[in-house]
Amino acid sequence: MKASLDPVQTLHEEPAEAEVVSHRLMLRAGLVRKLAGGVYSYLPMAVRALRKVEAIIRQEMEAAGAQEVLLPALQPSDLWEKTDRWKAYGPELFRVSDRHERSFALGPTHEEVITDLVSQIIRSYRQLPFLAYQIQTKFRDERRPRFGMLRGREFIMKDAYSFSASEADAHRIYARMQETYARIFRRLGLEHRMVEADSGLIGGNLSHEFMIMADSGEDTVISCEKCVWASNIEKAPDAEICPVCGSPVTSRTAIEVGHVFYLAHKYSAPMGANFLDAAGKEIPFFMGCYGIGVSRILAAAIEQSHDGQGIVWPVSIAPYRNAVLPLGPGMAERPEVLALLDSIESLWPGETYFDDREVRPGMKFQDADLRGFPFQVILGERHVEKGNGEVKIRRSGERIVLPLKDIPALLSARVQAILPES
RNA sequence: CGGGGCGUGGCGCAGCCUGGUAGCGCACCUGCUUUGGGAGCAGGGAGUCGAAGGUUCAAAUCCUUUCGCCCCGACCA
């Protein structure tokens, strides 16, 4: 991508409307713009980061045996009445009427829709288990949308639903989803923690949350200093020692980005979503559901990973892996610069933001830092004259001067060292 | 939903108290100079002052109503 073709500018001044750091940086870096309270447009850079998050989620969900579906956001109210959530969900549920005054919900979640759908398709235990997922925009009429992308009224979510013929199988899938989620967050390059959780309005009796550690998090995680036990403080309000091993516990704030629930018959029973088991008996599906806040991950990643200069993207979700910054007039057209650009392109197709603008070096540095590209290839007169270039590592600030021809190999080696297995 | 704050060019703000027809910085456009950490000079374009009603010779400014946005709290992916 050439910067000269990118109309989105960074903001030098702090937007007054933003308080939390992820919101400020997302606005300043030109990732999003607000349309209404809790409703944002995603600009091209943000979409690139979102697609990377989604790609990792899709790979891991498919690897776990899930199949992608796409369910309606517009959902007739009678479905919700079957599970009593038309009332129970309260004012958080966006409700709309069509021209015939038939009422609908804008889906905040899809248990009703998927249960209805699967009950039409699956009649026998022989068709089970079935694991479906989707990535889609969700709606919640938040009492108070806030913190920018961390709590919007419209957001992108990956939700998955499992249908099993037995509780044992449902628990196996639940465990598999826990592992899958751990892999996803590891690959995203984010420090995270799985914790015991309350199951809230979704229901069920077994539930874990996946938290991204961040100083600004709204949630508090209590975790054991010795063993792996951890819990949401809401679930363990008074824990001063670990209930598993008795060691002291510590608390840290975090942002919830994933939640898995075992639902059992909570939705299948009231909706009459049954199948025939091996004995020929009609019983409800054993269900589980598994959510990840995709758009929230972007904000949470920034909350966890930024500094005074701007965003510090993990390599796995950076909109572009690296920026090439030719400094000074004519540098962007020099043959050795273009040759280097080509060789980086062949290493990482489409992953370079080429700052060919005719602006002063300081602006290129500031913008590259603010936007958080993991690598900056800096090409200034005094180095290029000698056949050299400089690579700056955004996260550490490390700078390496080396021959231009060696730059792709250095980038490749650095990424190999950082990226979790894929 | 309770408490607080704010709506004035794209962004950040001043002007409002004490009415007289809108200004500054950034960004943008043109020209010249400049080029390793958000350049300088000169010229220029851009605002129904959130909306509606009222008071007045005159309203960004005073009064009423209303909409929106932000923050804190209670509740939540």
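Below, read A as the first sequence line, B as the second, and so on, with proteins coming before strands; counting in each chain starts at 1. The figures that follow rest on heavy atoms only: side chains count, while hydrogens, waters and symmetry mates do not.
Residue A:S22 is tested with A:R296, A:E303, A:H306 for a side chain to side chain donor-acceptor pair (under 3.5 Å); the sole match is A:E303.
Within 4.0 Å (heavy atoms only), A:G380 reaches at least one base atom of the nucleic acid. Here A:G152 lies in heavy-atom contact (under 4.0 Å) with a base. Within the 4.0 angstrom heavy-atom criterion, only backbone atoms of the sugar-phosphate kind lie near A:F147; the bases stay farther away. When heavy atoms are screened at a 4.0 angstrom cut-off, A:A18 is found touching no nucleic acid atom at all. Using a 4.0 Å heavy-atom distance criterion, A:R28 is classed as a base contact. Within the nucleic acid shown, A:K158 has no heavy atom closer than 4.0 Å to any nucleic acid atom. A:D369 comes within 4.0 angstrom of a base, heavy atoms only. At the heavy-atom level, A:V257 lies nowhere under 4.0 Å from the strands shown. Residue contacts shown for A:K138 are absent, as no nucleic acid heavy atom lies under 4.0 Å away.
Nucleotide B:U30 is matched to B:A42 when pairs are restricted to Watson-Crick or G-U wobble geometry with both distances under 3.5 angstrom. The base-pairing partner of B:A74, taking Watson-Crick or G-U wobble contacts with both distances under 3.5 Å, does not exist among the strands shown. Searching all strands for a Watson-Crick or G-U wobble partner of B:U61 with both distances below 3.5 Å returns nothing. Pairing of B:C11, defined by two Watson-Crick or G-U wobble distances under 3.5 Å, is identified with B:G25. A 3.5 Å limit on both hydrogen-bonding distances identifies no Watson-Crick or G-U partner for B:U35. Base pairing of B:C49: no nucleotide in any strand meets the Watson-Crick or G-U wobble criterion (both distances under 3.5 Å). Taking a pair to require two hydrogen-bonding distances under 3.5 Å in either a Watson-Crick or a G-U wobble arrangement, B:C69 pairs with B:G5. With a cut-off of 3.5 Å on both pairing distances, B:U56 has no Watson-Crick or G-U wobble partner at all.
In this structure, A:H192 and A:F185 have tilted ring planes: the angle between them lies in the 30° to 60° band. Between A:F139 and A:F94, the ring planes lie perpendicular to each other; the angle is over 60°, past the 30° to 60° tilted range. Using bins of under 30°, 30° to 60° and over 60° for the plane-to-plane angle, the ring pair A:F285/A:F163 lands in the perpendicular bin. Using the six-membered ring where Trp is involved, A:Y320 and A:F373 have ring planes that are perpendicular, over 60° apart on the 30 and 60° scheme.
Salt bridge annotation for A:E336-A:K405: absent, with no cationic side-chain nitrogen under 4.0 angstrom from a carboxylate oxygen. Taking the charged nitrogens against the carboxylate oxygens, A:E112 and A:K82 have no contact shorter than 4.0 Å, which rules out a salt bridge. Looking at A:E351 and A:K52, a side-chain N of the basic residue comes within less than 4.0 Å of a carboxylate O on the acidic one, giving a salt bridge. Under the 4.0 Å criterion applied to side-chain N and carboxylate O atoms, A:K392 and A:E398 are not assigned as salt-bridge partners. For A:E92 and A:R153, the salt-bridge test fails: no basic side-chain N is under 4.0 Å from an acidic carboxylate O.
Distance A:E218 CD to B:C72 C1': 12 Å, rounded to the nearest Å. Rounded to whole Å, the distance from CE on A:M211 to C1' on B:A77 is 11 Å. Taking atom CD of A:E142 as the reference point, atom P of B:C1 lies 14 Å away to the nearest angstrom.
In this model, the phosphate group of B:C28 is approached by a side-chain N or O of A:Q9 to a distance below 4.0 Å at OP1 or OP2.
Looking at A:R146, its side chain has no donor and acceptor atom pair within 3.5 Å of the base of B:C70.
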Close N/O contacts between protein and nucleotides 39-41 of chain B (under 3.5 Å):
residue	atom	partner	partner atom	Å
B:A39	O4'	A:R360	NE	3.2

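Evaluation of the ring pair (Phe, Tyr, Trp, His ring centres under 6.0 Å) rule for A:Y40 yields A:H23 as partners, not counting sequence neighbours.
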Inset, instruction - Would you mind building the protein contact string for nucleotides 7-13 of chain B? One character per nucleotide, 5' to 3', B for base within reach (heavy atoms under 4.0 Å), S for sugar-phosphate only, - for untouched. - result: ----BSS

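Rounded to whole Å, the separation between the P atoms of B:A46 and B:U61 comes to 24 Å.
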